[in-house]
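Below: one structure, written as structure tokens.
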Amino acid sequence: MKAIVFAETGGPEVLALGDIPKPGVRPGAVLIKNHAIGVNFADTRFRQGTYTVKPKLPDSPGMEVAGVIEAVGDGVTNLRPGMRVAAFTSRAYAEYCVSPAFMVIPLPDSVSFVDGAAFLIQVLTAYHLLHTADSTGPGRSVLVHSAAGGVGLAAVQLAKVAGARVFGTVSSDAKAGLATENGADTVINYAREKFADEVLRLTGDRGVDLILDAVGKPTFEEGLRCLAPFGHLVLYGRAGGAPDPLNVSVLSPKSQKVSAFSLPTLTRGFPDKTRESAERCFALMREGRIKLHVAKTFPLAQAAEAHRYLESRQSTGKLILIP
Ligand SMILES: NC(=O)c1ccc[n+]([C@@H]2O[C@H](COP(=O)([O-])OP(=O)(O)OC[C@H]3O[C@@H](n4cnc5c(N)ncnc54)[C@H](OP(=O)(O)O)[C@@H]3O)[C@@H](O)[C@H]2O)c1
């Protein structure tokens, strides 16, 4: 089968289209014919060898797909060939992938393959940041960094659905427009303005209740400066580098909380909760209360282009590969 393979870690140029054996189905897993493949920022880190999971070279990137089940392994009773599904997986940049049955989510007819692949990691990350890591609801204020990105746009919309006041940060005016269209109450261009000063000004020096931070080094300390008393900062990525170590005592004067979040904690350890949240988000999509923004689709062979675009900070919403 065709797959994107890299034999050494490095820049996008290490990604090449190759031929590798089609995987076989194994007990407890399903074989999926991929129709759409989600591109995630973590794939770029995996390619560089700087992600928590290290490549076993030669390897293929990719963590999520939508497609049709071609075969089910021994012991799989809740899924069958022909079902349309989205799945958390590995080596997804290919024509087929294998996924453990407990990491497969049936797709409603109303959700296309492209939306299925766009939805899984980014929408569920946003959902669980707001509702599992925290308890977002009416009267709370949330600051979403990179608010026009994949997780960011989903978080802005889901925080509004929950009734929160939403602040977003972005690095360009074009992105600011998109975050506003998707419901952000205030969007700050943090390439131009000090976002903490602006948040403090707009909240009468109180700050926000929740900060969703996947940028890291450039935003973490500034975030603490505009976090309200009893506020919560969740670090869930480090697109701009890892923040400096934190002396927890700096949180005491305002009784603040800092935590970390990783979606695989849920998808691997709490499959029922993962499915339940997926169904809740599918319902919100059906009702038109959240919309997926697929900025670009690329043929599988152009995976390197997709990575270049994502790392350039120009991309918005979701990027998809079509095998
Ligand atoms: N913990 C988890 O389970 C989990 C799950 C999914 C994603 N994530 C993390 O969430 C973040 C967003 O992921 P995504 O796939 O939705 O990507 P994305 O937000 O669509 O794209 C990455 C964005 O990060 C921002 N950014 C800030 N500093 C950057 C830098 N130095 N280089 C490149 N980009 C930079 C850019 O937006 P601006 O220019 O507007 O800042 C860029 O558009 C990533 O850090 C990812 O690792 C974590």
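Heads up: numbering here begins at 1 and tracks the sequence. Start at 1 and go down the list; that is how both ligands and their atoms are numbered.
Cation-pi geometry between K296 and Y309 is met: under 6.0 angstrom from the ring centre, within 45 degrees of the axis. For R84 and F113, the positive end sits near the middle of the six-membered ring, less than 6.0 Å away and at most 45° from its axis.
Considering both main-chain and side-chain atoms, F261 comes within under 3.5 Å of ligand 1 through a nitrogen or oxygen pair. Checked against a 3.5 angstrom limit, the closest N/O atoms of V151 and ligand 1 fall inside it.
Only the side chain of I121 comes within contact range of ligand 1, with a heavy atom under 4.0 Å; no backbone atom does. Only the side chain of Q122 comes within 4.0 Å of ligand 1, counting heavy atoms alone; its backbone N, CA, C and O stay farther away.
For R225, the CZ atom is densely surrounded, since the number of other residues' heavy atoms within 6.0 Å is greater than 12. Heavy-atom contacts from other residues, nucleotides or ligands closer than 6.0 Å to NZ of K291 number 12 or fewer.
The shortest distance between side-chain heavy atoms of V68 and I32 does not fall below 4.5 Å. Between M1 and I20 the shortest side-chain heavy-atom distance falls below 4.5 Å. Side-chain contact between P243 and E221: absent, with no pair of heavy atoms (C-beta onward) separated by less than 4.5 Å.
Heavy atoms of S262 come nearer than 4.0 angstrom to ligand 1 in at least one pair. Residue contacts with ligand 1 do not include A147, since none of its heavy atoms lies under 4.0 Å from the ligand.
Taking the six-membered ring for Trp and thresholds of 30 and 60 degrees, H145 and Y190 have nearly parallel ring planes, at less than 30 degrees apart.
Taking atom 19 (O) of ligand 1 as the reference point, the nearest protein heavy-atom neighbour is G149 CA, 3.5 Å. When hydrogens are left out, the protein atom nearest atom 13 (O) of ligand 1 is F41 CB, 3.7 Å; that is the closest non-hydrogen contact. Among all non-hydrogen protein atoms, the one lying nearest atom 35 (C) of ligand 1 is R313 NE, 3.6 Å. Protein heavy atom in closest approach to atom 5 (C) of ligand 1: T125 OG1, 3.2 Å. Of all protein heavy atoms, the one lying nearest to atom 3 (O) of ligand 1 is L263 N, 2.7 Å. The closest protein non-hydrogen atom to atom 45 (O) of ligand 1 is A214 O, 3.2 Å. Given atom 18 (P) of ligand 1, the protein heavy atom at minimum distance is G150 N, 3.7 Å. Among protein heavy atoms, the minimum distance from atom 32 (N) of ligand 1 is reached at A239 O, 3.8 Å.
Counting the atoms of ligand 1 from 1 in the order shown, those under 4.0 Å from a heavy atom of G240 are 31 (N). Within the listing of ligand 1, atoms 38 (P), 41 (O) sit less than 4.0 angstrom from a heavy atom of Y190. Of all atoms in ligand 1, listed by their number and element, those nearer than 4.0 Å to a heavy atom of G317 are 20 (O). Proximity to L310 (heavy-atom distance under 4.0 Å) selects the following atoms of ligand 1: 20 (O), 21 (O). In the vicinity of V170, heavy-atom distances shorter than 4.0 Å reach the ligand 1 atoms 40 (O).
Looking at A154, S146, A42 and measuring to atom 24 (O) of ligand 1, the nearest heavy atom belongs to S146. Among K175, M63, H293, Q314, the residue whose heavy atom lies nearest to atom 43 (O) of ligand 1 is K175.
Linking Ile, Leu, Val, Met, Phe, Trp and Tyr whenever their side-chain heavy atoms come within less than 4.5 Å leaves V156 and V170 in two separate clusters. Note: the hydrophobic cluster containing L153 does not contain L263 (ILVMFWY, side chain heavy atoms under 4.5 Å, direct or indirect links).
Taking a cutoff of 4.0 Å between a charged side-chain nitrogen and a carboxylate oxygen, R26 and D74 do not qualify as a salt bridge.
For the residue pair T136 / H131, no side-chain donor-acceptor distance below 3.5 Å is found, with atom types taken as modelled.
Between F167 and F195, a ring centre-to-centre spacing not shorter than 6.0 Å is recorded.
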